[in-house]
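Both backbone and side-chain heavy atoms feed into the values below; hydrogens, waters and symmetry mates do not.
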Amino acid sequence: MISVSSKGIYGLAALFILARNYESGPLRIKDISSGEGIPRQYLEQLLIKLKKSGLVKSYRGKDGGYSLKKRPSEITVYEALVCLEGPMELASSTTRTGTLHFFWQRAQQEIIEIFDITLEDLIMEHDRLNNQVVYDI
């Protein structure tokens, strides 16, 4: 069953911060942590996992930290969540009815399509929402 835990939520939030700062160089863990209220030790574990999967890279030293290993346009939410949560499966279909089997396969594919949005797409959506003008009378 698809369930996104705090690993996925916090990990995606960290990736989003790194994506928004992609051109600015590495970010320190404390800056990522405070920006989204992610517990620092937990964030360290998530960043190690994201590094092992090839989504982020780390830099040592005074100006060290973490940055995306790929451009924000090359990382999907689906890819990030699979890295953090494991395979995203709607349900294990063991039905013998072909129609139901087809239904579950189609539903699984639609779930994947929903999460097939890039970090760059999320940044554009963020910018669009933050630039909306609100009129109060």
### Summary
For E120, the side chain to side chain contact (heavy atoms under 4.5 Å, CB included) test, sequence neighbours excluded, returns P72, S73, T118

#### Entry: Counterpart residues, side chain to side chain contact (heavy atoms under 4.5 Å, CB included), relative to I114 (two or more places apart)
none

### Query
Run the side-chain contact (heavy atoms from CB on, under 4.5 Å) check on L47 and S58 step by step: do they pass?
CA-CA 9 Å; L47 289 169; S58 64; over 6 Å; no

### Side chain to side chain, Y10 and L46, heavy atoms closer than 4.5 Å
yes

### Query
Looking at CD1 of I111 and CG of D116, how far apart are the two atoms once the value is rounded to the nearest 0.5 Å?
13.0 Å

### Summary
Sorted by chain and number, sequence neighbours left out, side chain to side chain contact (heavy atoms under 4.5 Å, CB included) with I117 holds for V77, D121, L122

### Task
Would you mind listing every side-chain hydrogen bond (donor to acceptor under 3.5 Å, both in side chains) that reaches into residues 40-50, with sequence neighbours excluded?
S6-Y42

### Over all atoms of both residues, closest heavy-atom pair of L55 and E79
CD2-OE2, 3.3 Å

### Task
Check salt bridge (charged side-chain N to carboxylate O under 4.0 Å, His left out) between E113 and all other residues, then give those that pass, not counting sequence neighbours.
none

#### Entry: Residues in side-chain hydrogen bond (donor to acceptor under 3.5 Å, both in side chains) contact with K69, at least two apart in sequence or another chain
none

### Task
Taking salt bridge (charged side-chain N to carboxylate O under 4.0 Å, His left out) as the test, write out the residues that go with R60, two or more places apart.
none

#### Entry: Residues which pass side chain to side chain contact (heavy atoms under 4.5 Å, CB included) with E85, listed by chain and number, not counting sequence neighbours
V4, S5, K7

Cut-off 3.5 Å, no hydrogens considered: what does the side-chain donor-acceptor table look like for residues 15-36, sequence neighbours left out?
from, atom 1, to, atom 2, distance (Å)
N21, ND2, I17, O, 2.8
R28, NE, D31, OD2, 3.2
R28, NH2, D31, OD2, 3.4
S33, OG, I38, O, 2.4
S34, OG, K30, O, 3.0
S34, OG, D31, O, 3.4

### Task
Measure the shortest side-chain to side-chain distance between R106 and Q109 over non-hydrogen atoms and say whether it is less than 4.5 angstrom.
no

### Task
Could you state whether L12 and I48 fall into the same hydrophobic cluster, counting links through intermediate Ile, Leu, Val, Met, Phe, Trp or Tyr residues with side-chain heavy atoms under 4.5 angstrom apart?
no

### Message
Hydrophobic clusters here meaning ILVMFWY residues chained together by side-chain heavy-atom distances under 4.5 Å, can you tell me if I112 and F115 are in one?
### Response
yes

Name the atoms and distances for all side-chain donor-acceptor pairs under 3.5 Å in residues 123-130, with sequence neighbours left out.
from, atom 1, to, atom 2, distance (Å)
E125, OE1, R128, NE, 3.3
E125, OE2, R128, NH2, 2.7
H126, ND1, N130, ND2, 3.4
H126, NE2, N130, ND2, 2.8
N130, ND2, H126, O, 3.3

### Query
Say you draw a straight line from CG of L119 to CG of L68; how long is it, rounded to the nearest 0.5 Å?
6.5 Å

#### Entry: Qualifying ring pair (Phe, Tyr, Trp, His ring centres under 6.0 Å) pairs with a residue from residues 57-81, counting only residues at least two apart or across chains
none

